[in-house]
> 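Dropping a structure here in structure tokens format, bear with me for questions.
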Amino acid sequence: MSQQKWWQTAIFYQIYPRSFADGNGDGIGDFKGMTEKLDYLKGLGVDGLWLSPHFPSPNWDCGYDISDYENVAPEYGTLEDFKAFLHAAHARGMRLILDLVLNHTSDEHAWFLESKSSRDNPKADWYVWKDPLPASPISNPRNGGGVPKGRRGPPNNWQSCFDGPAWTYVPERGQYYYHYFMKQQPDLNWRNPEVKAAMWRAARFWLDMGVDGFRLDALGTIYEDPDLTPHTVPMTLAELRHFSDVATTPEEKKLAEKYWFDMYKNQWGGPGLHDLMQELRHVLDEYPGDRMLVGEDDNIDYMGNGDDELHMVFNFPLMRTERLTPDWVRANQTERLRRLDALPARGWGCNTLGNHDCSRVLTRYGDRVHDDQLARLHLALLMTMRGTPFLYNGEEIGMTDLVIPDPVKLRDTMATWYYDSLINKLKVEPALAAQRAGAMSRDKDRTPLQWRDAPNGGFCPEGVTPWLPVNPDYAAGVNVEAQENDPDSLLNFYRRMLKVRKDTSALVEGEYQAVHEKAEDYLAFRRSLPEQQVLVVLNFSGKKLVLDFTDLRSKPARTIYPSGNPAELSLAKINLEPFGILISELL
Ligand code: NOJ
């Protein structure tokens, strides 16, 4: 295993700082809390940490609207607290990567305040500014025909993916600025070399301090179509969201999907990203210690030749299903690994089943009957797949989505905006609007981590209001303390399974080869190194299975998991319990 880089052998864990651990008892997570929990994370078996944004931010998008790239949000602590956290993580053999948001800043960032102040200030060209569309005798189709005759309007009909039109007018300049996300998140103009220099300076600020790399936020949106080609979807964002919510037939669902694609296809993937990623890669490569870049994108092209752009991109296609099935996983692996292997320097995979933007893994892939068994099966899958795994905080104790039915309590402004649009524009009845907004809000998967069976789940003291409601199921065993003391808990299963991956070199770096490819109830594959051959069999069904793998080898195998089984296993008769897991070494 010594040939591999640290990020290839690591198991990553995403910390959502606002919700992870509250060290000062104000209802918001912070660095003191995170530092205190490092031993817990070490005990879990993770050795890479991805920290969602910890920078100063007005929090329109929960930290993804950064107002200072070289500082720490005061509610999380100080730069000294950050350094203490970093050093404490390193001292425990854990690496730390930060979230680097390149596409946009906060509209309260000093760069934007200066840029918007006039057309001729030194930062006038740091953001994407455009003149209003010239007055036209007829309503102009470029802006969707939505502007009254003779009036000037936005440069085109593009929509922000969070809150209505993608263009916001600034009277000081008499111009519009572009924002792919909220209007509080203006897009930087990456065609301006000064922007690059400033952002690389910010990256160096953290690299100099010793951070081990970055997760690159929303990189596909950095460059848009320079011709500003309008979209052709006959709806606004709110209408499309609503259309998707009420779509029931397969045709409607398909149409909604097509509309989503068509609405934004001109707003991402514009020319220039490869050069930009190569530049950023050069910055990282100036540092010792194999600093790493992982992109919030599934496009393998952004890995360049496999060694000159991003080190990894996420295997998001694996997640794009309502149910993980053997067929689904096999098809995903065939496609992804073929493409990774085709890169000149051979690409490295990266798998995850959840993060702060989507339903929690247990909610999303559970069936409400076998949730606990499925959670274990899905972790076993992640820990045995080829590619670096990423976990999301709270999944190890089986945290589930908590839909917040009261719009006043929502903190995800994309959901509050949708709620307002439903009520005011689409005239949806308030109770239904609240339900729809709660269900689409990302707050449901960002609630505070449940540490104990105590008020507020032990996240913050009794009497303090946490920034988001705590899921009351902490009182029903979904908390760290209760599970630490239960050898059969999900938490202890996570610990065992993470250790299995760590201790089994073929699972980390072995080749993948599907076996029994037609099986519908179970997924079986081999992970192979010259010195170790491992067979993984995962029963995705609620049935007991008796399987024969003598087509692979006639000699017996050694069981790695479950460890309580007899050491020698006959491949002629493998018994798998419903949702059972077998990891064995072929001898
Ligand atoms: C992706 C992040 O994961 C998400 O939380 C955020 O809202 C957008 N990028 C905008 O930064």
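Source: prediction; values computed, not measured. Counting starts at 1 for both ligands and their atoms, in listed order.
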> I'd like to check the side chain to side chain donor-acceptor pair (under 3.5 Å) partners of Lys253; sequence neighbours left out, ordered by chain and number.
none
> Determine, step by step, whether Phe316 and Thr352 satisfy the side-chain contact (heavy atoms from CB on, under 4.5 Å) criterion, reporting the C-alpha distance in whole Å, the side-chain angles of both residues, the deciding distance to 0.1 Å, and the verdict.
CA-CA 7 Å; Phe316 291 137; Thr352 187; 4.2 Å; yes
> With a 4.0 Å cut-off, would you call Lys123 and Glu194 a salt bridge?
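Glu194 and Lys123: not salt-bridged.
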> When you look for heavy atoms under 4.0 Å from ligand 1, do you find them on the side chain of Met414, its backbone, both, or neither?
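None of Met414 does.
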> Flag the pair Glu396 / Tyr40 as yes when at least one side-chain heavy-atom distance between them is below 4.5 Å, and no otherwise.
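Yes, their side chains come closer than 4.5 Å.
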> Which residues pass the side chain to side chain donor-acceptor pair (under 3.5 Å) test with Ser244, sequence neighbours left out?
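Ser244 satisfies side chain to side chain donor-acceptor pair (under 3.5 Å) with Trp260 only.
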> Yes or no: does Arg446 have any heavy atom under 4.0 Å from an atom of ligand 1?
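Arg446 counts as a contact of ligand 1 under the 4.0 Å cut-off.
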> Return the closest protein heavy atom for atom 3 (O) of ligand 1 as residue, atom name and distance.
Asp357 OD2, 2.4 Å
> Taking 4.0 angstrom as the limit and counting only heavy atoms of His104, give me the atoms of ligand 1 inside it, by number and element.
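Every atom of ligand 1 under 4.0 Å from some heavy atom of His104: 10 (C), 11 (O).
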> Give the contacting part of Arg215 toward ligand 1: side chain, backbone, both or neither, where contact means a heavy-atom distance below 4.0 Å.
side chain
> Below 4.0 angstrom from a heavy atom of Phe162, which ligand 1 atoms are there? Numbered from 1 as shown, please.
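Contacts of ligand 1 toward Phe162, numbered from 1: 7 (O).
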> Starting from atom 6 (C) of ligand 1, find the nearest protein heavy-atom neighbour and note its residue, name and distance.
Asp61 OD2, 3.3 Å
> For ligand 1, which atoms, with element, lie under 4.0 Å from some heavy atom of Arg442?
4 (C), 5 (O), 6 (C), 7 (O)
> Name the residue from Lys5, Arg291, Arg95 that meets the salt bridge (Lys or Arg N to Asp or Glu O under 4.0 Å) definition with Asp212.
Arg95
> Among protein heavy atoms, which sits nearest to atom 2 (C) of ligand 1, and what does the distance come to when rounded to 0.1 Å?
Asp217 OD1, 3.1 Å
> Tell me whether the centres of the aromatic rings in Tyr76 and His54 are closer together than 6.0 Å.
no
